[in-house]
Every structure is written in structure tokens, then in C-alpha cells.
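Everything on this sheet refers to the single structure shown next.
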Amino acid sequence: MQQKLNLYNTLTRKKEEFEPLHAPFVGMYVCGPTVYGEPHLGHARSAVTFDVLYRYLKYQGYKVRYVRNITDVGHLENDADEGEDKIQKKAKLEHLEPMEVVNHYTNIYHQEMDKLNVLQPDIEPRASGHIIEQVQMIQEILDNGFAYEVNGSVYFDVQAYDKEHKYGKLSGRVIDDLLNNTRTLEGQEEKRSPLDFALWKKASPTHIMRWPSPWSDGFPGWHLECSAMSRKYLGTTFDIHGGGLDLMFPHHECEIAQSQASCNHTDAAKYWIHNNMITVNGQKMGKSLGNFINLSELFSGNHEMLEQAYTPMTIRFFILQAHYRSTLDFSNEALQAARKGYTKLMNGLRVLKKLRFPEEPEAVEPDAKLNEELQKLTQDCFRGLNDDLNTAKTIASLFNLLKKINSLYLGQINIAQLSRGTYDLVRDTYQELVLDVLGLKEERVGDMEEMLDLVLTFYKEAKEQKAYDKVDAIRAELKRHGIVIKDMKTGIDWAYEE
RNA sequence: GGUAACGUGGCCGAGUGGCUAGGCUCAGCUCUGCAAAAGCUGCUACAGCGGUUCGAAUCCGCUCGUUACCUCCA
């Protein structure tokens, strides 16, 4: 195999070689959605990014346990006393049971992820199903002296924690700076310090989602669920923790603190990976700005910012064409370019299916230089992935490989000049990286391929008879369905229109 | 205010101290009944100003500009 996988670790601010704690097993936890609204382009980016990481780790032979949670409780609008649970708020708004809201949006999330060809995680725990674990963890933190109870609510004592361990190591925050710059929010009297965050909140009489605990009938704080669930399924220390860059502080910082405060395990995860945001006109796409585009709107084209509909694979390709740690700017132009690029890659897949290495070796000298060049191109593809999952680089390398594949197909390069080994390497690399690792798939004809081949035989006949009216008619009709005919020296074939 | 990041050709987007990123767009050529597809060629950039260096878009400093986090957010 090529060089090893390197990942940028937010914790150390460096690219590090990936070395699992207990190879061949890999534990990976990624923060999933809070299911109180429709998934948007931002959710897609996070999901696709970690989907590729998951796929690539499996491709390399690791036995991965991928855990991605569903936040269905305890995610407050703010930390104030009357802070309202997002789910509950939405439920009130729509006159539904909170669990109806949760189920509704969870289902949509799953459907959209399927469309994007995002593999399901191995475990998808819900916060509401892990109250016992969370209560237990709070008790541990209390016992260790890093939390305090006030009126039935329990808060994490950041300053007490900071004395023994360092708070802010992930995000690079310094506690004094935080104290000087914290905005004053309403209803924070209970907390000893504005930096403290809720582990358990006592429910107000009108609060629907509530569970019993030693302190009060209430509900857990948002940061706690990830700590409790990752620990339950992956252990106190695991390999990879992922999520959006916007979760780095305070969410992930708090997770690290909770983990340390409860079971004295440093950092919770060895590698902390963060994907960057999607922007619109250079501005972050987010709820608060109201400039987000839902996936369903993207797929239907039903949004004022959209000039047309875009297919799920176009979106996936669009995301993959940028490195996950840079911001990615949304625009119709960029998506249309992505559409064409994606189609080109898919056509390459089809070409490979039809290419055959000659069984009877021809009397042609193998071209050592050509063989070497092709082998280097395949290595480039992996080099990109190994370099902090640089899918943009990998895709560029795949396009380079594709040029050669097309030349082989058109007979511009004689296939007999390749060794069998090189040929297999080229074919396998292209197919496996596109389909298995990048997770792209054909979206259009599917099982209509045989039909199309039949049409092509008619086309060929008409052409031989020089019945150009018929030829043009067939071409026009196929074009209506997004299929173009390729007349090549070596034969006739079809391809997706780009 | 604090802390980070970024500023690449018409657009999107990689990148390493010296060796072609790639995609899209545009123009031309080859092929072709005409096309298309594919291949080839061209348009050749690194915010500005200094510095380090034989050599910097790539390292350092300053300036300008943009963004993110510091409150919920993927």
C-alpha cells in the first residue's frame, strides 16, 4: 500500500499519521443533527466528509465502528433558566408531540442521506434513549468535585476544572479572555460563572420532555449526550471524533472536559477532526442568517437562490471537489460545473466496463514509460486521500487517469502496450475510488443499458445505409433523454450528456 | 475587544521553496455526412509592500481586505 493516511488533528493543530489505538479496530464518533428542522447543505457536507473517512478506513481494511448520534432532547436555545428545548419549541409551534417532531425530521434526514449515498453509521444512538448513562456521568462529575447543584439543576464548574486540567485546549481559548468577553445573558443567576454549562436542568412545570433524576425532574444538557454515548459505545478513549467546525467551541471543548472530569481520561478522542462551513456569497450558511438551503430544495430546485434542480450526486461531487477544511462557497455556477464534472467521471466508469484487455497478446512491445506513467497516476489518487483526505486532489488525479482511459478506449493508446498488471491497477483504482471511497454512483439509466445498446444497433444500421434522416432522428430522441451518441473509429457507444 | 483562518487566472477550486493541479467557460485543431464524444493546443494566476534565499504564490514582517468562533448552528 501507499504511504499512510495523515489527518489534521485540531487538538494538536498538525497533520498526524493515523495510528489506531487498537488496530485493526477503529472507533469513530461524529456529531449528528439536532432533529428539529430539515437537513440542509451544511448537514450534507459534514455527513459526506465523514462518510468518505469511514469508507476510506474500511477500504484500508480497518474494522470501523462508526457512531453518529441523533440529538432529540436537551439542546437548548440558550443556557438561561427559561431556555427552551429546540425540539419542544418546534413541537409547540406545530402542535405535535415532541417525539413526532423528532421522528419526522429523523426520517427526512435518513432519506436525504440515502440519496447522497451516505452510508449509515453502525450505531445511531439517540440522546433520549441514554438518560440513565447521562445521569450516571453527572453523578461521577459531581463526586469528583467538578460540578455543583443549584435548585435541582447541575452545572459544570469550569474554573474548578481549569485548576487541575486545562480548559480550552481544543479551541485554544484562555479562560481569562473568555471571562472578560462573555456576553451577559438573561437568567444566569444560578451559575457561579458564566462559563459554567448545564449538565442537568430542572424542568419548568410546562416542560414536556422530562425525566427523573437524583436532583429533579428535568433533562440533560446538550454537551453531555455525546460524552455519554461515545463512552458507552466506543469506550473512554477512542480514535476519531468528528463534527462541524462550529461545534469546536463550546460543544467539543465541553465534551473533553466532561470526559476528563468523569473518568479522568484525557481528550476523549485521539484525533479531533472538523469540517469547515458552507458559505453563500462568502457568508456562513446558517439558521440564524436565514440563508440556508435545504437538501429537498436543492433536489427540487424550489428555492429563490436556485436556478435549477441539482441531483444528489451533483451535490456530493460539489462537496468532494473542495477540501473539507476550507470553506466552500455555494453558487449556481459552481454546482453546474460540478454536474458536468460528475458526469464526466461517470462516463469513465462506463468506458471501463466496456474496455477489455486482449486475451491473445499482440506482437507489440510493452511501453515501459507508459506503464510507469499510469502507475504513478494511480498513486497520485491515493496520495491525495492520504494527505488529510484531500478529495479535491484525488478527483484531479482521477481526471488525469480518465484521460488515459479514454485514450485507451479510442485506440489513441494501444492497450497492448500496457502490462496486464498496469491495466488491472488502473481499472481497479478508478472504479474503487470513485464508487467505494468517494461514494459516487450512477444516477441515470441504471438497468436501461441493454435497451440503449439495442437502439445503437439500429443507429449503426441506419448509418451504414447512409440513412442520415434516421440517424439524426435517433440522435435527437436520445438527446432528449440526456444521452449522446459517440461515433468513434473503434465503434459506436453512448454517454451521458454533460 | 480576544482567538483563528483565508485572500490563486473569466468562474470554482488544489498546491509544493526551483519541476503541468484539476474541473467549468472561451478559442483553435484532429476525427466526422453534419454533429457530438474523446484527444491535443491556446488564454497562465498567485491581494499590496518589504525581507530571507542562488531561487518564493509557497518562509518571515508589515499593510489592506474577507470570513469564522467567542450565543444556538454541520
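Each chain gets a letter, A, B and so on, in the order the sequences are listed, and its residues count up from 1.
- Aromatic ring orientation, A/F197 versus A/F156: parallel (interplanar angle below 30°, classes split at 30° and 60°).
- Among the atoms of the strands shown, none is found under 4.0 Å from any heavy atom of A/P39.
- Residue A/H251 is classed as having no contact, given no heavy-atom separation below 4.0 Å to the nucleic acid.
- For the pair A/R68 and A/F50, the cation-pi test (distance below 6.0 Å, angle within 45°) is failed.
- When rounded to the nearest whole Å, the span between NZ of A/K340 and P of B/rC11 equals 18 Å.
- Side-chain atoms of A/D329 and A/T279 form a donor-acceptor pair, as typed in the model, at a separation below 3.5 Å.
- With the nearest nucleotide of RNA chain B identified for both A/G172 and A/Y342, A/G172 has the one nearer the 5' end.
- Side chain to side chain, A/Y271 and A/E16 fail the donor-acceptor criterion of an N or O pair below 3.5 Å.
- Nucleic acid contact class of A/G42 (heavy atoms, under 4.0 Å, all strands): base.
- Put simply, CD on A/Q336 is 13 Å from P on B/rC24, counting in whole angstrom units.
- Taking atom CZ of residue A/R173 and atom C1' of nucleotide B/rA5, one finds them 13 Å apart after rounding to whole Å.
- In this structure, A/T49 reaches neither bases nor backbone, as no heavy-atom distance under 4.0 Å exists between it and the strands shown.
- The residue A/D493 sits apart from the nucleic acid: no heavy atom pair falls under 4.0 Å.
- For the pair A/R325 and A/Y8, the cation-pi criterion (under 6.0 Å, within 45° of the ring axis) is fulfilled.
- Of the two residues near RNA chain B, A/G282 and A/H40, the one whose nearest nucleotide lies more 5' is A/G282.
- Across all strands, A/R339 comes closer than 4.0 Å to no nucleic acid atom at all (heavy-atom distances).
- A donor-acceptor contact closer than 3.5 angstrom links the side chains of A/H323 and A/D388.
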Heavy-atom contacts, protein to nucleotides 26-39 of chain B, under 4.0 Å, summarised as B (base), S (sugar-phosphate only) or - (none) per nt, yield -------BBBBSSS
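- Looking at A/L57 and A/I240, their side chains come closer than 4.5 Å, going by heavy atoms from C-beta outward.
- OP1 or OP2 of B/rG15 sits under 4.0 Å from a side-chain N or O of A/N390.
- Atom CG in A/L377 sits 7.5 Å away from atom OG in A/S397 (nearest 0.5 Å).
- The A/L178 side chain lies nearest to B/rC70 when the options are B/rC70, B/rA14, B/rA74.
- Residue A/I278 is classed as a base contact, given a heavy-atom separation below 4.0 Å to a base.
- Between the CD atom of A/Q321 and the P atom of B/rC11 there is a distance of 16 Å, rounded to whole Å.
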Secondary structure of RNA chain B per the Watson-Crick/G-U criterion (both distances under 3.5 Å; [ ] crossing, | other strand, . unpaired) is (((((((..(((.....[...))).(((((.......)))))....(((((..]....))))))))))))....
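- Atom pair A/L328:CG and B/rC24:C1' shows a separation of 15 Å (rounding to whole Å applied).
- Remark: P of B/rC11 and CZ of A/F318 are 16 Å apart, rounded to the nearest angstrom.
- If you check every strand for non-hydrogen atoms under 4.0 Å, A/D380 touches nothing.
- In this structure, A/M285 reaches the bases: a heavy-atom distance under 4.0 Å links it to at least one base atom across the strands shown.
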inquiry  = Working note: A/Y29 + A/D239, criterion side chain to side chain donor-acceptor pair (under 3.5 Å); need CA distance, chi angles, decisive distance, verdict.
reply    = CA-CA 8 Å; A/Y29 187 94; A/D239 295 295; over 6 Å; no
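- At a threshold of 4.5 Å between non-hydrogen side-chain atoms, the residues A/D387 and A/F382 do not count as touching.
- Dashed line: the shortest gap from a side-chain N or O of A/S171 to OP1 or OP2 of B/rA4 is not under 4.0 Å.
- The nearest whole Å value for the distance from the NE2 atom in A/H323 to the P atom in B/rA5 is 14 Å.
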